[in-house]
Amino acid sequence: MGRTRKANVCRRLSRRALGFYARDAGVVQRTNLGILRALVCQESTKFKNVWTTHSKSPIAYERGRIYFDNYRCCVSSVASEPRKLYEMPKCSKSEKIEDALLWECPVGDILPDPSDYKSSLIALTAHNWLLRISATTGEVLEKIYLASYCKFRYLSWDTPQEVIAVKSAQNKGSAVARQAGTSPPVLLYLAVFRVLPFSLVGILEINKKVFENVTDATLSHGILIVMYSSGLVRLYSFQAIIEQFMQQKLDLGCACSQGGTTGTVGEAPFGIPCNVKITDSPPPLFEVSSLENAFQIGGHPWHYIITPNKKKQKGVFHICALKDNSLAKNGIQEMECCSLESDWIYFHPDASGRIIHVGPNQVKVLKLSEVENDSSQHQISEDFVIWAKREDRKENLITVTASGRVVKRNVSLLDDDPEQETFKIVDYEDELDLLSVVAVTQIDAEGKAHLDFHCNEYGTLLKSIPLVESWDVTYSHEVYFDRDLVLHIEQKPNRVFSCYVYQMVCDPGEEEEAVNRSG
């Protein structure tokens, strides 16, 4: 057998072995997660605040890792007490990391380098470098210089764990130019890469001469989403745009000539030229008008959620079929609430096709199903509702008239009145299949919060965890529930950030009981 053929056979065998291993590992993991869910939800289990820290720079969390000082310092939250994984050398303000994504090695894939089998942080620096950093050591494994003609600022997944989009800041032009009524034709750039190994798909410019009155654009799942000042949202095939408007194919590390300058693609100071320039408006796949360009797609079959493009319609949501724009039966959802903060709605991230609608005192989980005797039409109905624990209170407002007569009027409180339990955050823990809900109540001068775990299938309350720190509703908050960990990040005035870490604590005897029940 020839060497190449033998190597290919060995590679196929190793892939099969990895496939069997992955399937076996999947069964074991599901069993373990079932045990963990039982432990998390049992009555005797507590979540203890094991660590609290403060920072003058933003704090970020991603899958068991806490990042400080613009991702320069990484702390593992998996151990019984958080421990530092690495700290990268100090750098200037122009070299700091501005945004980052965590890439995790897919099980069963054959990768070119041993280091590729470990998690990496894909990071964007303030001076336009795209880095791949070891998530365990902080070592820089790959680096690409993007460009000098714009300022790249945001990272997002186009296809999760496969394709990234690097988005530039919007080019507003100088104040003098704006006063004169002129502005640069290019609003922003999108640089698109496949990850591991890094390979360039292309850099696309969003030109206002082609997309008139454009206000923003982004990329998601191979779809270019363009938003306009009128509230219009248009969807385009990114692949079709690449095929039609790519001026030249560029490969990282290869020589290139552009505008009389020769350099290496992805290396400083040459960077990567913009090689996808749309000259004619491409045909959209879909378009719709929505208030503030709010638009979401999801469900089975595909549906979308919009708010009609009128200010008085704020808080009204229409759920329509993507194939023909028809409104689903009971597809107009409006939560009857009187509150300072508006309610919000989104497709459930568990891929069930359901919809979550959150208001100050209720969480509605809606399901999308076929209309009986008419499979072409779909309807919206309640799956379950989670209610805040409240008393039906009214306050008396006393008014004294000019004649001295006392008039009493009953006034209903706002639905998000701070003295009433109010829902602030709703999230989904996919591995344990639990809905997590943060509820806050103002008690005397300070707010108190608790995190509730609900059955994702029926909405039943399974566990409630009090947070020991006070909760100021005027601050910005993030709460993460990740297996046996709860993490609360808050931003206080004057850029003071605080991080509170809670870990599960349970009795060994109870743990054995949960294992037996799960088995």
Side-chain angles (χ1 to χ4, degrees), residues 40 45-91 93 96-102 104 119-124 133-138 154-155 423-432 434 436-442 446-453 463-505:
V40 164
T45 298
K46 308 295 181 189
F47 277 76
K48 182 182 177 183
N49 179 210
V50 296
W51 196 58
T52 298
T53 190
H54 309 281
S55 172
K56 280 289 187 181
S57 62
I59 302 170
Y61 174 79
E62 189 72 47
R63 290 195 172 271
R65 296 175 178 88
I66 309 170
Y67 295 96
F68 298 91
D69 196 11
N70 301 109
Y71 296 92
R72 194 176 65 84
C73 179
C74 177
V75 171
S76 171
S77 60
V78 176
S80 57
E81 185 171 317
R83 61 181 179 84
K84 186 184 291 185
L85 282 177
Y86 64 80
E87 186 170 349
M88 299 171 72
K90 288 189 176 181
C91 61
K93 191 176 180 181
K96 71 175 184 177
I97 294 173
E98 293 203 327
D99 203 358
L101 297 170
L102 185 66
E104 294 184 297
S119 299
S120 301
L121 191 71
I122 299 172
L124 175 65
I133 301 167
S134 167
T136 52
T137 66
Y154 312 103
L155 278 177
F423 294 138
K424 293 296 182 182
I425 298 171
V426 177
D427 205 353
Y428 173 62
E429 214 299 339
D430 58 338
E431 293 180 299
L432 301 185
L434 293 171
S436 61
V437 180
V438 176
V440 179
T441 308
Q442 189 84 15
E446 65 175 20
K448 281 296 180 184
H450 56 91
L451 177 64
D452 294 343
F453 301 153
K463 184 78 177 175
S464 186
I465 301 167
L467 302 183
V468 295
E469 66 276 9
S470 63
W471 184 293
D472 190 318
V473 294
T474 64
Y475 297 168
S476 174
H477 298 266
E478 296 172 62
V479 174
Y480 299 91
F481 168 42
D482 192 355
R483 294 192 179 190
D484 58 349
L485 172 92
V486 170
L487 187 134
H488 173 205
I489 298 172
E490 69 174 345
Q491 180 180 352
K492 300 175 181 177
N494 303 317
R495 288 184 64 81
V496 174
F497 298 84
S498 297
C499 177
Y500 309 90
V501 178
Y502 292 78
Q503 289 191 337
M504 184 178 78
V505 179

Heavy atoms, side chains only, cut-off 4.5 Å: are Val479 and Leu487 in contact?
-> no
Output for pair (Phe423 CZ, Asp452 CG), nearest 0.5 Å, gives 7.0 Å
Any side-chain heavy-atom pair of Leu121 and Tyr67 under 4.5 Å = yes
Shortest non-hydrogen pair, Leu155 vs Ile122, comes out as CD1-O, 3.4 Å
Less than 4.5 Å apart, any side-chain heavy atom of Glu81 and any of Val50?
-> no
Find out whether Val40 and Leu432 are in side-chain contact, i.e. whether some heavy atom of one side chain is under 4.5 Å from a heavy atom of the other.
-> yes
Parallel, tilted or perpendicular: ring planes of Trp471 versus His477, cut at 30 and 60 degrees | parallel
With distance as the sole test, does Arg72 use its side chain to make a donor-acceptor pair with the main-chain N or O of Met88 at under 3.5 Å?
-> yes
Determine, stepwise, if the pair Arg83 / Val75 fulfils side chain to side chain contact (heavy atoms under 4.5 Å, CB included).
-> CA-CA 5 Å; Arg83 61 181 179 84; Val75 171; 5.8 Å; no
With sequence neighbours left out, write down each residue that passes side-chain hydrogen bond (donor to acceptor under 3.5 Å, both in side chains) with Tyr428, or none if nothing qualifies.
-> Asp433
Test side chain to side chain contact (heavy atoms under 4.5 Å, CB included) applied to Val486 and Leu451, step by step = CA-CA 9 Å; Val486 170; Leu451 177 64; 3.7 Å; yes
Quick one: closest heavy-atom pair of Glu446 and Ser470, and the distance?
-> OE1-CB, 3.5 Å
Would you tell me whether Tyr500 and Glu490 have side-chain atoms, one donor and one acceptor, within less than 3.5 Å of each other?
-> yes
On a heavy-atom basis, the closest approach of Pro466 and Ser464 is CD-O, 3.9 Å
Interatomic spacing from CZ in Arg495 to OG in Ser55 - rounded to 0.5 Å = 9.0 Å
Of Phe453, Tyr61, Tyr502, which is the lone residue that meets ring-ring contact (aromatic ring centres under 6.0 Å, His included) with Phe481?
-> Phe453
SG of Cys74 to CD1 of Ile66, rounded to nearest 0.5 Å, is 8.5 Å
Exercise: identify the closest heavy-atom pair between Leu85 and Ala135 | CD1-O, 4.0 Å
Test item: Gln503 side-chain N/O and Ser77 main-chain N/O as donor-acceptor pair under 3.5 Å | yes
When rounded to the nearest 0.5 Å, the distance separating CD1 of Ile97 from CG of Asp69 is 9.5 Å
How far apart are the C-alpha atoms of Val496 and Gln491, what are their side-chain angles, what is the distance that settles it, and do they pass the side chain to side chain contact (heavy atoms under 4.5 Å, CB included) test?
-> CA-CA 6 Å; Val496 174; Gln491 180 180 352; over 6 Å; no
Can any side-chain N or O of Asp472 pair as donor or acceptor with the backbone N or O of Thr474 at less than 3.5 Å?
-> yes
Could you tell me whether a side-chain N or O of Glu429 sits under 3.5 Å from a main-chain N or O of Arg483, the two making a donor and an acceptor?
-> yes
Judged by modelled atom types alone, do Asn70 and Ser57 share a side-chain donor-acceptor pair under 3.5 Å?
-> no
When you look at Ser119 and Arg65, which way does the side chain to side chain contact (heavy atoms under 4.5 Å, CB included) test go after all the steps?
-> CA-CA 11 Å; Ser119 299; Arg65 296 175 178 88; 4.2 Å; yes
Residue pair Tyr86 / Gly138: nearest heavy atoms and the distance that separates them = CD2-N, 3.4 Å
Taking all non-hydrogen atoms of both residues, which atom of Asp482 and which atom of Gly64 are closest, and how far apart?
-> OD2-N, 3.7 Å
Can you measure from CD1 (Ile59) to SG (Cys499) and round to the nearest 0.5 angstrom?
-> 5.0 Å
Answer with yes or no whether the side chains of Glu478 and His488 bring together a donor and an acceptor at under 3.5 Å.
-> no
Step through the shown structure and confirm whether more than 12 heavy atoms of other residues, nucleotides or ligands are within 6.0 Å of NZ on Lys492.
-> yes
The reported gap from OG1 in Thr53 to CD1 in Ile489 (rounded to nearest 0.5 angstrom) is 11.0 Å
Report yes if the side chains of Thr45 and Met504 come closer than 4.5 Å at any heavy-atom pair, otherwise no.
-> yes
Any donor and acceptor pair, going by atom type alone, linking the side chain of Lys448 with main-chain N or O of Val468 inside 3.5 Å?
-> yes
